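Naming: A, B, ... by sequence-line order, numbering from 1 per chain. Everything quoted here is computed from the prediction, not taken from an experiment.
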There are 2 protein chains.
Amino acid sequence: MIYDPKYENKLRESGLRPTKQRIKICEVLFNSTETFHFTIKDLVKIIENQANIKVSLATVYNTVHAFNKKGYLKEIPINSSQSYYDTNISHHHHFFDEDENKLIDIDQNDVDEVMIKKTIPGKKIKSIEVIAKIVTDN
Amino acid sequence: MIYDPKYENKLRESGLRPTKQRIKICEVLFNSTETFHFTIKDLVKIIENQANIKVSLATVYNTVHAFNKKGYLKEIPINSSQSYYDTNISHHHHFFDEDENKLIDIDQNDVDEVMIKKTIPGKKIKSIEVIAKIVTDN
DNA sequence: AAATACATTAAAATCATTCTAATCTGTTGA
DNA sequence: TCAACAGATTAGAATGATTTTAATGTATTT
Ligand SMILES: [Mn+2]
Ligand SMILES: [Mn+2]
Ligand SMILES: [Zn+2]
Ligand SMILES: [Zn+2]
């Protein structure tokens, strides 16, 4: 089997071997020009729809976790029973539509850079996320 | 039984009757001058420690949900299997210490107001939260 | 090709949260 | 005051996302 070297690199750099299940996950996550937000359940559904190949839940979790740890995916902090991930790893922020339970990107340009004056001794800031909850206006 | 009218009001305004279990929960949540962050598990532990009275998990969830809905508590968006709540309902933001799994307040004064230029038709912003993840610096 | 290390999988375990349904208590109005 | 009712409490069951297990399969190394 010939692997798209882009995916092979992403996988190896994430500490994973390029297997056909993982290549399939990569195709779903990284093939499109548009980035998107997803839950594990969403991802499994997409794979099943496109699927000639079966991927177990355990493999999906394991692969998404490795990509998240490596920084090829970003987990978005949301109050939900499910984790939400983003294939857009550039610095940006989010609306969370509470009616639809959907994330919407806010460009970095659409928010002034968040400057935090307070510091915690011995700690460094790893990430800053802005989450704006939105609801139907009426 | 004589209720502290402060708690009786909070409860009634949240649509709940003032029972001794709920008064106890109020004492833990609202008695101290210091605000604090907690998970349901934390809260149950505090109640058990101070406890002459037994409160079921179902009642704790039910009461916390009612206070959150009414705005007497705030749920903080965090990637965690547990929900984190805040007794500080004033507008402020948070560090999340990933080593300790603890929230730390950031005063409104310590962050410039977050202005979002983007709008979504038919939707209004309900809340804006800034979460800065911090880790040991070395 | 054989040996090894790592991956896949179905199924079980875990654990926070929600639900159920039996029992109990605060509230109200006769 | 006190019966009747609405709502509250509770233990335990159910749910559902996530993690773990352990048997089997596959990529990689030698
Ligand atoms: Mn997670
Ligand atoms: Mn919740
Ligand atoms: Zn995004
Ligand atoms: Zn706080």
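Nearest heavy atom pair, residue B/Ser14 against residue B/Ala66, reads O-CB, 4.0 Å.
B/Ile23 places its CD1 atom 10 Å from the P atom of D/dT9, with the value rounded to the nearest Å. Atom pair B/Phe38:CZ and C/dA16:P shows a separation of 16 Å (rounding to whole Å applied). If you take CG of B/Asn68 and C1' of C/dT17, they are 14 Å apart, rounded to a whole angstrom. Rounded to an integer number of Å, the gap from CG of B/Leu43 to C1' of C/dA16 is 15 Å. In this structure, A/Asn79 atom CG and C/dA16 atom P are separated by 16 Å, rounded to whole Å. Across the protein-nucleic acid pair, B/Lys24 atom NZ and D/dA8 atom C1' stand 19 Å apart, rounded to whole Å. Here the P atom of nucleotide D/dA6 and the CG atom of B/Leu16 are 18 Å apart, to the nearest Å. If you measure from atom CD of B/Gln82 to atom P of C/dT18, you get 13 Å, rounded to the nearest angstrom.
With hydrogens and angles disregarded, a donor-acceptor distance shorter than 3.5 Å links the side chain of B/Asp42 to the backbone of B/Thr39.
Within the structure, a side-chain polar atom (N or O) of B/His65 is placed less than 4.0 Å from OP1 or OP2 of C/dT18. A close approach under 4.0 Å does occur between a side-chain nitrogen or oxygen of B/Arg12 and OP1 or OP2 of C/dT27. Regarding contacts with the backbone of D/dA17, every side-chain N or O of A/Ser83 stays at 4.0 angstrom or more from both OP1 and OP2. Contact check, B/Tyr61 against C/dT18: no side-chain N or O comes under 4.0 Å of OP1 or OP2.
In this structure, B/Lys6 is not positioned above the aromatic face of B/Phe30 in the sense of NZ or CZ being under 6.0 Å from the six-membered ring centre and within 45° of the axis.
Residues B/His92 and B/Asp86 are in side-chain contact: their nearest non-hydrogen atoms beyond the backbone lie under 4.5 Å apart.
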Contact letters for nucleotides 8-15 of chain C, in which S counts primed atoms plus P, OP1 and OP2 and B counts the base, heavy atoms under 4.0 Å: SBB-----
Output side-chain donor-acceptor pairs under 3.5 Å for residues 125-138 of chain B, partner residues at least two apart or in another chain, one line each.
from, atom 1, to, atom 2, distance (Å)
B/Lys126, NZ, A/Glu98, OE1, 2.6
B/Thr136, OG1, B/Asp99, OD2, 2.6

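In this structure, the ring-ring contact (aromatic ring centres under 6.0 Å, His included) partners of B/Tyr84, at least two apart in sequence or on a different chain, are B/Phe96.
In the model, B/His37 has no side-chain atom that pairs as donor or acceptor with a side-chain atom of B/Asn88 under 3.5 Å.
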